[in-house]
Amino acid sequence: MYYLKTEQSFDAAHFLKDYQGKCRNLHGHRWRVVAEIQGENLDAERQTRGMLVDFGELKELLKILCDTLDHSLIYETGSLRPETLAALKEEGFRMVPVPFRPTAEEFARYFYRAIRQRGYAVHRVEVYETPNNCAAYEGEP
């Protein structure tokens, strides 16, 4: 089995509604995303002969996914009052709603599924909130 890894990062804020700790407050991270794909066979033709996939394509996909979240406030749908959302949007803040609690664990699954939907055989995705704290997802085959 062959494995390839690539990584990207993005800067974004989040908070955890109903959490009884520091993370209930709005705060930011430099999120680091490490995606690993797998495959048993290397390409036998074209310019990618001898490769599982072109690193450039995988890197670009992960960059596109990370860029959709970069320099934003990521929040769980329904976690902010409508008037709070309206005020933040009126101020011009970039807001990205997600249908899950914005934890590293949930983001690992989110990136895993997004990469898999683009046709890659994903093995594992790791999401770092800090240099020392990471969540990983090795999901559905």
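Quick caveat: nothing in here was measured; it's all calculated off a predicted structure. Residues take their numbers from the sequence shown, with the count starting at 1.
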* Step-by-step side chain to side chain contact (heavy atoms under 4.5 Å, CB included) determination, Phe111 to Leu69 -> CA-CA 11 Å; Phe111 282 105; Leu69 302 169; 3.8 Å; yes
* Check step by step if side chain to side chain contact (heavy atoms under 4.5 Å, CB included) holds for Arg118 and Leu65. => CA-CA 11 Å; Arg118 269 65 168 202; Leu65 293 171; 3.9 Å; yes
* Asked: For Thr48 and Val53, what are the C-alpha separation, side-chain angles and deciding distance, and is it a side chain to side chain contact (heavy atoms under 4.5 Å, CB included)?
  -> CA-CA 7 Å; Thr48 55; Val53 300; over 6 Å; no
* Would you sort out whether Phe100 and Phe107 count as a side chain to side chain contact (heavy atoms under 4.5 Å, CB included), showing the intermediate values? => CA-CA 9 Å; Phe100 52 81; Phe107 276 122; 3.8 Å; yes
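Applying the salt bridge (charged side-chain N to carboxylate O under 4.0 Å, His left out) test to pairs two or more places apart or on separate chains, those with a residue in residues 93-107 are Glu106-Arg109. For residues 33-44, the set of pairs meeting the salt bridge (charged side-chain N to carboxylate O under 4.0 Å, His left out) definition, not counting sequence neighbours, comprises Asp43-Arg46. Note on residues 37-95: no pairs pass ring pair (Phe, Tyr, Trp, His ring centres under 6.0 Å), not counting sequence neighbours. Counting only residues at least two apart or in different chains, side chain to side chain donor-acceptor pair (under 3.5 Å) contacts with residues 54-70 comprise Lys63-Asp67. Each side chain to side chain donor-acceptor pair (under 3.5 Å) pair with one or both residues in residues 9-33, not counting sequence neighbours, appears once here: Glu7-Arg32, Asp11-Arg30, His14-His27, His14-His29, His27-His29.
Of all non-hydrogen atoms in Ala13 and Leu26, the two that sit nearest each other are CB-CD1, 4.0 Å. Heavy atoms only, all atoms of each residue included: Leu42 and Gly50 are closest at CD1-O, 3.5 Å. Across all their heavy atoms, Ala108 and Ala136 have their closest contact at CB-C, 4.0 Å. Here the shortest heavy-atom pairing between Tyr112 and Arg124 reads CE1-N, 4.5 Å.
For Glu129, there are no salt bridge (charged side-chain N to carboxylate O under 4.0 Å, His left out) partners at least two apart in sequence or on another chain. Residues forming a side chain to side chain donor-acceptor pair (under 3.5 Å) with Tyr110 (at least two apart in sequence, or on another chain): none.
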Side chains of residues 77-92: which donor-acceptor partners sit under 3.5 Å, not counting sequence neighbours?
from, atom 1, to, atom 2, distance (Å)
Thr77, OG1, Val98, O, 3.2
Ser79, OG, Glu76, O, 2.6

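At least one side-chain heavy atom of Val33 sits less than 4.5 Å from a side-chain heavy atom of Cys66. Using a 4.5 Å cut-off on side-chain heavy atoms (C-beta onward), Val125 and Val34 make no contact. Between Leu73 and Val96 the shortest side-chain heavy-atom distance does not fall below 4.5 Å. Within the 4.5 Å cutoff, no side-chain heavy atoms of Arg116 are placed close to those of Tyr120. Ile115 has its side chain within reach of Leu62: a pair of non-hydrogen atoms, C-beta onward, lies under 4.5 Å apart.
Remark: Tyr2 OH is loosely packed, at most 12 non-hydrogen atoms of other residues, nucleotides or ligands lying under 6.0 Å away.
Through side-chain heavy atoms spaced under 4.5 Å, either directly or across other Ile, Leu, Val, Met, Phe, Trp or Tyr residues, Ile64 is tied to no other residue. When hydrophobic side chains of Ile, Leu, Val, Met, Phe, Trp and Tyr are connected at separations under 4.5 Å, Met1 ends up clustered with Tyr3.
Note on Val122 and Leu58: same hydrophobic cluster, where clusters join Ile, Leu, Val, Met, Phe, Trp and Tyr whose side-chain heavy atoms are under 4.5 Å apart, directly or indirectly.
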